[in-house]
Every structure is written in C-alpha cells, then in structure tokens.
Amino acid sequence: MKYWLLKSEPEVFGIENLKNLPNATEHWDGVRNYQARNFMRDEMRCDDQAFFYHSNCKVPGIVGIVEIVREAYPDFTAFDPDSAYYDPKSSHDKPRWFMVDVRFKREFSRTISLNELKEYAELQEMPLLRRGNRLSVMPVASDQWHFILSLLD
DNA sequence: GCCAACGTTGGC
DNA sequence: GCCAACGTTGGC
C-alpha cells in the first residue's frame with residue numbers, strides 16, 4: 001500500500017465538504033499537472049491512503065486522511081466547456097486528465113501546519129517542503145507517514 | 001529545440 | 001494582494 005498527500009483549497013473543497021457528502025466519497029477532479037496526473041493514473045491504487053492538505057488558506061497544513069476507493073478514470077470536468085477545469089485538448093477518445101475517487105477516513109483533532117512540518121528533520125525530504133513545490137498530488141514515504149501520525153498524540 | 005512571455009500556484 | 005517559483009506555450 002502506498003501513501004499520498006492531496007492538496008485542496010478549503011474555500012473550494014475542504015475536508016468538511018468531503019465528510020458531509022453521501023458516503024463521504026467524491027471524485028478528485030481538476031488535477032491539471034502532468035506529474036501529479038501520472039502519480040494518480042500510474043501509481044495510485046485502491047486502499048492507498050492520503051493526507052488531506054489544506055492549501056492557500058490561513059493555516060496551510062494536513063487536516064486528515066482519505067482513502068482511495070476508485071482508481072484513475074477520465075476526469076469528465078475536462079470535457080465540460082462550462083467547467084473551470086475544461087480542457088479542449090482532452091477528449092473522450094483520448095482523455096488527457098484523470099481523477100480518482102476518495103473517501104473520508106479521519107479528521108485530525110488539530111491541523112498539522114506546514115510550519116510545524118518544517119520543524120522536523122525527519123521530514124526534510126518531503127516534496128511538500130521543497131522550495132517552490134507546486135505539486136497537488138505527491139507520494140509520502142511510509143516512515144514519514146507514520147512519523148506525522150505520531151505527532152497527533 | 002531554445003527560450004521569452006505568460007499564466008498559475010500557494011505561502012506569506 | 002504580492003510575488004517567487006515553476007510549468008506551459010508558441011515564435012523562431
């Protein structure tokens with residue numbers, strides 16, 4: 001099983017939104033970066049777990065955990081001219097963008113902020129902490145995953 | 001294939 | 001709202 005980190009802007013779609021949906025499940029649409037897409041399409045598998053990260057907000061950080069419940073399939077928002085994620089270069093025949101389905105698993109008792117994550121030597125290699133990082137889907141090493149969870153108690 | 005211009009991300 | 005960092009686009 002692999003571990004991941006998924007970024008989302010809470011003003012657009014936060015963990016509260018996911019939690020309150022039927023089955024607490026939603027498709028993870030709008031990924032428009034090739035590297036992020038490749039992770040999702042080629043490596044993400046059912047039952048993988050992912051940190052839910054809130055970005056572009058007052059306190060950016062990890063707020064909970066989701067699990068992957070459906071593997072990559074074409075991102076239909078790319079086909080919709082009315083969608084903010086519309087991409088005329090993506091077609092049903094040759095979809096360019098993909099999404100997975102995620103299900104809410106856990107909300108942390110507190111946000112593990114980006115500032116806090118930066119403090120730990122154990123996490124210095126996380127792609128999240130690399131300067132100028134903009135990936136919205138990225139892998140998390142198993143030892144980093146467990147280290148972060150150990151911060152909660 | 002180079003690279004300048006442009007658009008986006010996301011912390012601050 | 002600013003702006004650094006980065007990805008993409010398109011002229012050549």
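In what follows, chains carry the letters A, B, and so on, assigned in the order in which the sequence lines appear, proteins first and then strands, with residues in each chain numbered from 1.
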Under 4.0 Å, heavy atoms only, any strand: does A/K58 hit a base, just the sugar-phosphate, or nothing?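 It contacts nothing in the nucleic acid.
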Just to be sure I understand the rule, does A/R32 reach a base, reach only the sugar-phosphate, or reach nothing, if contact means heavy atoms closer than 4.0 Å?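 Answer is nothing: A/R32 stays at 4.0 Å or more from every strand.
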Between A/E116 and A/R110, does any side-chain N to carboxylate O distance fall below 4.0 Å?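 Salt bridge: yes.
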Please determine if A/D75 and A/R32 form a salt bridge, counting it only when a charged side-chain N lies under 4.0 Å from a carboxylate O.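 The answer is yes: the pair qualifies as a salt bridge.
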Specify the separation, in whole Å, of atom [atom1] of [X] and atom [atom2] of [N].
| X | N | atom1 | atom2 | value |
| --- | --- | --- | --- | --- |
| A/D87 | C/dT8 | CG | C1' | 12 Å |
| A/K118 | B/dG10 | NZ | C1' | 11 Å |
| A/R96 | C/dT9 | CZ | P | 7 Å |
| A/N133 | B/dG10 | CG | P | 7 Å |
| A/H54 | B/dG11 | NE2 | P | 12 Å |
| A/N115 | B/dG10 | CG | P | 16 Å |
| A/Y34 | B/dT8 | OH | C1' | 15 Å |
| A/Q35 | B/dT9 | CD | P | 15 Å |

For DNA chain C, whose closest nucleotide is more 5', that of A/G132 or that of A/N56?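 Per heavy-atom nearest nucleotide, the more 5' residue is A/N56.
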Above 12 or not: heavy atoms from other molecules or residues under 6.0 Å from CD of A/E125?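 Count not over threshold, so no.
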[X] vs [N]: side-chain N/O to OP1/OP2 distance below 4.0 Å:
| X | N | result |
| --- | --- | --- |
| A/K7 | B/dT8 | no |
| A/Y53 | B/dG11 | yes |
| A/R131 | C/dA5 | yes |
| A/K89 | C/dT8 | no |

Closest to side chain of A/R134, choosing from B/dG11, C/dT8, B/dT8: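 Of the candidates, B/dT8 comes closest.
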ring-ring contact (aromatic ring centres under 6.0 Å, His included) partner of A/W28, chosen from A/F98, A/F52, A/F39, A/W4: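 Result for ring-ring contact (aromatic ring centres under 6.0 Å, His included) with A/W28: A/F52.
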Which one of A/Y73, A/F76, A/F79 satisfies the ring-ring contact (aromatic ring centres under 6.0 Å, His included) criterion with A/H92?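 Single pass found, and it is A/F79.
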